[in-house]
Enquirer: 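Okay, here's the structure, questions in a sec.
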Amino acid sequence: MLLSPVPIDSPPFHRTVVTVEWSGERPTVRKQRTGASDVALTAAEARWLRDAAGPGVVELHDHDPDADALITAYAGPRTLASAVTERRSPPAATVIAWLRSVSATLDRIHRAGLIHGQVRPDHVVVAGRAAALISPRVLPRGDGASMADDLAGLGSLVTHAAWVWAVTGTREVDADVWRQLAESLVGGEIVSAARAVSRLGSISPGPG
């Protein structure tokens with residue numbers, strides 16, 4: 001699946017326009033910032049996408065510095081935030097597969113020395129049993145984002161899923177077990193994405 005960047009990091013009052021284009025066999029996403037000072041952000045995002053290229057990262061088709069625009073593959077409209085609250089919620093096993101997919105992607109990019117910095121439920125695009133982060137936080141000089149921030153973000157995904165399972169009375173999972181995992185991620189007890197992958201893989205989808 002794909003990591004697809006969308007607007008969240010432009011300075012205040014600067015607009016970012018994102019459009020889905022259907023001119024070829026497959027749709028693409030055009031992301032264009034309008035502020036003159038945003039050129040560095042777009043260049044940084046293009047560089048991030050190139051450095052993070054591989055499983056779980058959206059394919060960068062083009063970077064047009066003159067238009068301050070990026071063209072990437074289209075990852076889809078459905079997010080973890082929207083999917084788990086649909087009238088017909090996906091099976092818990094599917095949601096768990098999404099969480100494991102995100103943790104594996106974080107492990108891969110962290111090993112490459114990269115930080116996503118914006119891991120949250122509405123920044124995870126899902127399709128089938130695969131999931132992909134969107135909106136990597138890219139700032140010209142950085143903002144201190146760390147691996148711990150990404151892991152805390154992963155914890156927010158687990159928290160969101162566990163909350164939905166608890167509210168809906170889902171019997172496929174033990175929501176308390178998943179809430180405890182979320183607390184370990186947010187609280188810093190799990191110190192690497194590799195360890196998060198292991199913990200997520202060790203928890204049975206079913207209760208008990």
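Note that this is a predicted model, so its numbers are computed, not measured.
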Enquirer: Using the test side-chain contact (heavy atoms from CB on, under 4.5 Å), find all partners of Ala112 that sit at least two apart in sequence or belong to another chain.
Expert: Leu114

Enquirer: Within the distance-only criterion (no hydrogens, no angle test), does the side chain of Arg108 pair as donor or acceptor with the backbone N or O of Pro55 below 3.5 angstrom?
Expert: yes

Enquirer: Could I get the full list of side-chain hydrogen bond (donor to acceptor under 3.5 Å, both in side chains) partners for Thr42, not counting sequence neighbours?
Expert: Arg33, Asp68

Enquirer: Among all residues two or more places apart in sequence or in another chain, which pass the side-chain hydrogen bond (donor to acceptor under 3.5 Å, both in side chains) test with Thr168?
Expert: Thr170

Enquirer: Are Val177 and Val158 co-members of a hydrophobic cluster defined by side-chain heavy atoms under 4.5 Å apart?
Expert: yes

Enquirer: With hydrophobic residues grouped by side-chain heavy-atom distances under 4.5 Å, do Val164 and Val119 end up in a single group?
Expert: yes

Enquirer: Considering only Ile, Leu, Val, Met, Phe, Trp and Tyr, and joining two whenever side-chain heavy atoms are under 4.5 Å apart, list the other residues clustered with Met147.
Expert: Ile115

Enquirer: Quick one: closest heavy-atom pair of Val124 and Ala131, and the distance?
Expert: CG1-CB, 3.8 Å

Enquirer: Who passes side-chain hydrogen bond (donor to acceptor under 3.5 Å, both in side chains) against Arg195, sequence neighbours left out?
Expert: none

Enquirer: Per the salt bridge (Lys or Arg N to Asp or Glu O under 4.0 Å) rule, what does the pair list look like for residues 121-135, sequence neighbours excluded?
Expert: Arg120-Asp122

Enquirer: Give me the atom names and distance for the closest heavy-atom approach of Pro121 to Ser156.
Expert: CD-OG, 3.8 Å

Enquirer: Scan residues 178-199 for pairs that pass ring-ring contact (aromatic ring centres under 6.0 Å, His included), counting only residues two or more places apart or in two chains.
Expert: Trp165-Trp178

Enquirer: Can you sort out the partners of His110 under side-chain hydrogen bond (donor to acceptor under 3.5 Å, both in side chains), two or more places apart, ordered by chain and number?
Expert: Asp150

Enquirer: For Val84 and Pro90, which heavy atoms make the closest approach, and how far apart are they?
Expert: CA-CD, 4.1 Å

Enquirer: Please find the pair of heavy atoms, one from Val126 and one from Ala83, that lie closest to each other, and give the distance.
Expert: CG2-CB, 4.1 Å

Enquirer: Flag yes if Val186 and Leu80 sit in one hydrophobic cluster, no otherwise; membership is Ile, Leu, Val, Met, Phe, Trp, Tyr, and two members link when side-chain heavy atoms are under 4.5 Å apart.
Expert: no

Enquirer: Ser202: which residues meet the side-chain contact (heavy atoms from CB on, under 4.5 Å) condition with it, sequence neighbours left out?
Expert: none

Enquirer: If every non-hydrogen atom of Ala93 is compared with every non-hydrogen atom of Glu172, which pair is closest and at what distance?
Expert: N-OE1, 4.2 Å

Enquirer: Could you check if a side-chain atom of Leu60 sits within less than 4.5 angstrom of a side-chain atom of Asp62, using non-hydrogen atoms only?
Expert: no

Enquirer: If you group Ile, Leu, Val, Met, Phe, Trp and Tyr by side-chain heavy-atom gaps below 4.5 Å, do Leu154 and Ile203 land in one group?
Expert: yes

Enquirer: Taking the side chain as every heavy atom from C-beta outward, state whether Val18 and Arg30 have any pair of such atoms under 4.5 Å apart.
Expert: no

Enquirer: Is it true that Asp107 and Arg111 make a salt bridge, defined as a side-chain N closer than 4.0 Å to a carboxylate O?
Expert: yes

Enquirer: Quick check against the 3.5 Å criterion: does Thr85 have a side-chain atom that pairs as donor or acceptor with the backbone of Ala81?
Expert: yes

Enquirer: Measure from the side-chain N and O atoms of Ser184 to the backbone N and O of Ile190, and report whether any donor-acceptor pair falls under 3.5 Å.
Expert: no

Enquirer: How many angstroms lie between atom CD of Glu45 and atom CZ of Arg50, to the nearest 0.5 angstrom?
Expert: 11.0 Å

Enquirer: Does one hydrophobic cluster hold both Ile96 and Val102, with members joined at side-chain heavy-atom distances below 4.5 Å?
Expert: yes

Enquirer: Supply the atom-to-atom distance Thr159 OG1 to Leu157 CG, rounded to the nearest 0.5 angstrom.
Expert: 8.5 Å

Enquirer: Looking only at atom types and distance, does a side-chain atom of Ser101 sit under 3.5 Å from a main-chain N or O of Ala97, one as donor and one as acceptor?
Expert: no

Enquirer: Do Val29 and Ile71 pass the side-chain contact (heavy atoms from CB on, under 4.5 Å) test, and can you show the C-alpha distance, the side-chain angles, and the key distance before you say yes or no?
Expert: CA-CA 6 Å; Val29 173; Ile71 307 296; over 6 Å; no

Enquirer: Which heavy-atom pair separates Ala196 from Leu185 by the least distance, and what is that distance?
Expert: CB-CD2, 4.0 Å

Enquirer: Out of curiosity, Leu99 CG to Leu200 CG, how far, rounded to the nearest 0.5 Å?
Expert: 6.0 Å

Enquirer: Would Thr28 and Thr72 count as a side-chain contact (heavy atoms from CB on, under 4.5 Å) here? Give the steps.
Expert: CA-CA 6 Å; Thr28 58; Thr72 68; over 6 Å; no

Enquirer: Could you tell me whether the side chain of His123 and the main chain of Gln118 form a donor-acceptor pair under 3.5 Å?
Expert: yes

Enquirer: According to salt bridge (Lys or Arg N to Asp or Glu O under 4.0 Å), does anything in residues 79-106 pair up with another residue at least two apart or in another chain? List the pairs.
Expert: Arg78-Glu86

Enquirer: Who pairs with Arg199 by salt bridge (Lys or Arg N to Asp or Glu O under 4.0 Å), at least two apart in sequence or on another chain?
Expert: none

Enquirer: Distance from Leu41 atom CG to Trp48 atom CH2, nearest 0.5 Å?
Expert: 15.0 Å

Enquirer: Show your reasoning for whether side-chain contact (heavy atoms from CB on, under 4.5 Å) applies to Ser103 and Leu106.
Expert: CA-CA 5 Å; Ser103 67; Leu106 289 177; 5.7 Å; no

